[in-house]
Each structure stands twice: as C-alpha cells, then as structure tokens.
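Heads up, the thing below is written out as structure tokens.
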Amino acid sequence: MYPNGTGLVGLMLTWNAGGFLGGQGKPDDVAFIGIVLDDLATVVNVDPKRVYATGMSNGGMMCYRLAAELSDRIAAIARPGWWAMAGE
C-alpha cells in the first residue's frame with residue numbers, strides 16, 4: 001500500500017507530519033492511516049505485529065509521527081538517509 005499525501009495536485013503532495021505552524025485545518029493523516037489499516041485488514045490477512053511504515057523526506061517525518069501516535073499498530077519504521085538517492 002502506497003498512499004500519497006495531500007496538496008496541490010501533482011505539484012506538492014505532503015503529509016501532515018505535525019510540527020509546522022498553521023497546522024489547523026490540515027488533514028488528520030494519522031487518522032487516515034488508521035482507517036487505511038482497518039480497511040486493508042478487511043481484504044487481506046494482516047499480522048498486527050508486522051505492520052511497518054517507511055518514507056523519505058516528509059514521508060519519513062510522517063513515519064515518526066505514526067510511530068508515536070499509532071505505537072499500538074505500527075511495529076517499526078524505517079527512514080532511509082539521503083545517501084539512498086545519491087546514485088540518482
């Protein structure tokens with residue numbers, strides 16, 4: 001499952017990873033991911049002890065937020081460093 005954040009269509013999609021001024025009125029992306037996990041579990045067998053999140057840049061920041069706020073549902077996160085894209 002590879003959901004995208006929200007924003008200007010095709011130009012700048014971001015996650016509401018928190019920590020930014022003016023966060024009011026932004027989507028509740030933690031709740032969204034919780035709903036995605038619930039929905040996914042209705043169509044495939046999900047081992048709740050093996051749910052992981054990964055992301056780069058703003059997606060990585062969102063992973064940290066998920067680890068903190070959905071710690072009962074996210075087993076671990078992985079955030080690749082900048083060197084993961086060094087060859088591109």
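Computed from a prediction, not measured in an experiment: that's the story for all the values here.
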Notebook entry, point to check: If you take all heavy atoms of Met62 and Val30, which pair is closest and at what distance?
Noted result: CE-N, 3.7 Å
Margin query: So which atom in Asn58 and which in Ala17 form the shortest heavy-atom distance, rounded to 0.1 Å?
Written below: ND2-CB, 4.0 Å
Notebook entry, point to check: Is the side chain of Asp29 donor-acceptor paired with the backbone N or O of Asn16 at a distance under 3.5 Å, no angle test?
Noted result: yes
Please list, one pair per line, the donor and acceptor atoms closer than 3.5 Å that link side chains of residues 39-46 to other protein atoms, with sequence neighbours excluded.
| residue | atom | partner | partner atom | Å |
| --- | --- | --- | --- | --- |
| Thr42 | OG1 | Asp39 | O | 2.6 |

Checklist line | Val51 side chain near Leu37 side chain, heavy-atom distance below 4.5 Å | finding: yes
Could you go through residues 66-80 and list every donor-acceptor pair under 3.5 Å that involves a side-chain atom there, pairing it with any protein atom two or more places apart or in another chain?
| residue | atom | partner | partner atom | Å |
| --- | --- | --- | --- | --- |
| Glu69 | OE2 | Arg65 | NE | 2.8 |
| Arg73 | NH1 | Gly34 | O | 3.3 |
| Arg73 | NH1 | Asp38 | OD1 | 3.2 |
| Arg73 | NH2 | Asp38 | OD1 | 2.7 |

Item checked: side chain to side chain contact (heavy atoms under 4.5 Å, CB included) against Pro3, all qualifying residues, sequence neighbours excluded -> Met1, Trp15, Phe32, Ile33
